[in-house]
Amino acid sequence: MEPLPLQFSDVLRAYDRVAPVVHRTRVATSRQLDELTGLRVFLKCENEQRTGSFKIRGAYNRLAQLTASERAHGVVAASSGNHAQGVALAARLLGVRATIFMPDDAPAAKLDAARAYGASVERYDRRTALPADLVARYAAETGAVPVPAFDDPAIMAGQGTLALELLAETGPVDAVVAPLGGGGLLSGVATVVRTLVPSAKVFGVEPADGDDWVRSLAAGRPVLIDPPSTIADGARTRQPGELTFAVVSKAGLRGRDRDGR
């Protein structure tokens, strides 16, 4: 059996890299949520993270490992906004040139933020172009290093660092719920939770109209769906990554739709 592309030790090393740069965001509680669920609920407030999301964790972990030659050629990424901002800020902190492909319907605030961090932004139509193709072409033409939004061990490890912080404050939990786009966050979180609290359940949540993970887990392989119609722009991915799918599927997660099937 081949080893998984992400190990708990990778997350520990990632934490050493990102801890001096990212915020150790607070873990909040909500009496109303506790009453509604009948549970004790903890919220990891990554909305208070630098750039407004957890994405800076993975982006910085990836860029911090670039060689001198790779840094000289710059990096390229594709994102509707959160990964774009993470890569842009990480590149700025490390003195690396960054080019980001962003869809035409990306939120204006996220476009402006990526540019404000110093990245060069290229627009594309998500209905007619696959971002991976755009990144691959640009990398081939310029020598820039692609920085995937999720399907990269360094990205996955970086995202998992928030689970280390969460469990350090909460102690053992019964379940952890993570938003799910391409699977970078869920891969990192599942790796940490499965190691530190093996009895805990791990759930990934995606938009009902962006159910590429539900379909993929049912099929036993990554499935490409049509561009989803959802206001959750950060979760409008069309297909799980090969690496993230390997980690998530081996973690024992199974797909269920909104009706519980």
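Bear in mind that the values here come from a model prediction, so they are computed numbers and not experimental data. By convention here, the first residue in the shown sequence is residue 1.
Panel note: side chain R97, backbone V76; no donor-acceptor pair is recorded below 3.5 Å. A donor-acceptor pair is defined here as one N or O able to donate and one able to accept, closer than 3.5 Å; no such pair exists between the side chain of R194 and the backbone of K201. Judged purely by atom type and a 3.5 angstrom limit, T237 has no side-chain atom pairing as donor or acceptor with the backbone of Q239. Side chain of N82 to main chain of S53: no donor-acceptor pair is present (N/O by atom type, distance under 3.5 Å, no hydrogens or angles). Put simply, the side chain of W213 gets close to the backbone of G181: a donor and an acceptor are under 3.5 Å apart. Listed for the D34 side chain is a donor-acceptor partner under 3.5 Å among the backbone atoms of V41. Of the possible donor and acceptor atoms, none in the side chain of T244 sits under 3.5 Å from a partner among the backbone N and O of P240. A donor-acceptor pair is defined here as one N or O able to donate and one able to accept, closer than 3.5 Å; no such pair exists between the side chain of H23 and the backbone of E46. Judged purely by atom type and a 3.5 angstrom limit, S216 uses its side chain to pair as donor or acceptor with the backbone of V223.
Rounded to the nearest 0.5 angstrom, Y60 OH and I155 CD1 are separated by 13.5 Å. Between the NZ atom of K44 and the OG1 atom of T170 there is a distance of 10.0 Å, given to the nearest 0.5 Å. Taking CG of L66 as the reference point, atom CG of L94 lies at 7.5 Å (rounded to 0.5 Å). Residue E70 holds its CD atom at 9.5 Å from CG of L63, rounded to the nearest 0.5 Å. Atoms CE and CZ, on M102 and R115 in that order, are 8.0 Å from each other to the nearest 0.5 Å.
A salt bridge is defined here as a Lys NZ or Arg NE, NH1 or NH2 lying under 4.0 Å from an Asp or Glu carboxylate O, and R13 with D10 meets this definition. Looking at R62 and D152, a side-chain N of the basic residue comes within less than 4.0 Å of a carboxylate O on the acidic one, giving a salt bridge. One finds no salt bridge joining D212 and R238 here, because no Lys/Arg side-chain nitrogen approaches an Asp/Glu carboxylate oxygen to under 4.0 Å. Salt bridge annotation for R57-E165: present, with a cationic side-chain nitrogen under 4.0 angstrom from a carboxylate oxygen.
Other residues, nucleotides and ligands contribute over 12 non-hydrogen atoms within 6.0 Å of the CD atom of E35. In this structure, D174 places its CG atom where only 12 or fewer heavy-atom neighbours from other residues, nucleotides or ligands lie under 6.0 Å away.
Judged as a side-chain hydrogen bond (donor to acceptor under 3.5 Å, both in side chains), and not counting sequence neighbours, the contacts of R26 are E48.
No path of Ile, Leu, Val, Met, Phe, Trp and Tyr side chains, each step under 4.5 Å between heavy atoms, connects V214 with F150, placing them in separate hydrophobic clusters. The hydrophobic clustering, which links ILVMFWY residues whose side-chain heavy atoms are closer than 4.5 Å, places V189 and V173 together. Under the 4.5 Å side-chain heavy-atom criterion for grouping Ile, Leu, Val, Met, Phe, Trp and Tyr, F54 is not connected to I56 through any hydrophobic cluster. Note on V75: it clusters hydrophobically with L93, by side-chain heavy-atom contacts below 4.5 Å among ILVMFWY residues. F245 and V193 fall within the same hydrophobic cluster, where Ile, Leu, Val, Met, Phe, Trp and Tyr residues are linked whenever their side-chain heavy atoms come under 4.5 Å apart, directly or through other members.
A 4.5 Å side-chain heavy-atom check between K55 and Q159 finds at least one atom pair inside the cut-off. The shortest side-chain heavy-atom distance between E122 and T99 falls under the 4.5 Å cut-off.
K110 and S80 are not linked by any side-chain donor-acceptor pair at a separation below 3.5 angstrom, with hydrogens and angles left out of the test.
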(request) Start with the C-alpha distance between H83 and I100, add both sets of side-chain angles, then the distance that settles side-chain contact (heavy atoms from CB on, under 4.5 Å), and finish with yes or no. (result) CA-CA 9 Å; H83 180 58; I100 315 289; over 6 Å; no
(request) Start with the C-alpha distance between Q32 and L36, add both sets of side-chain angles, then the distance that settles side-chain contact (heavy atoms from CB on, under 4.5 Å), and finish with yes or no. (result) CA-CA 6 Å; Q32 187 174 26; L36 286 171; 4.2 Å; yes
(request) Please report the C-alpha distance between L164 and L196 in whole Å, then the side-chain angles of each, then the deciding distance to 0.1 Å, and finally whether the side-chain contact (heavy atoms from CB on, under 4.5 Å) criterion is met. (result) CA-CA 9 Å; L164 290 175; L196 298 182; 4.1 Å; yes
(request) I would like to know whether V87 and Q85 meet side-chain contact (heavy atoms from CB on, under 4.5 Å); could you show each step before the answer? (result) CA-CA 6 Å; V87 171; Q85 293 175 86; over 6 Å; no
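Shown here for F101 and V135, the closest heavy-atom pair between the two residues is CD1-CG2, 4.3 Å.
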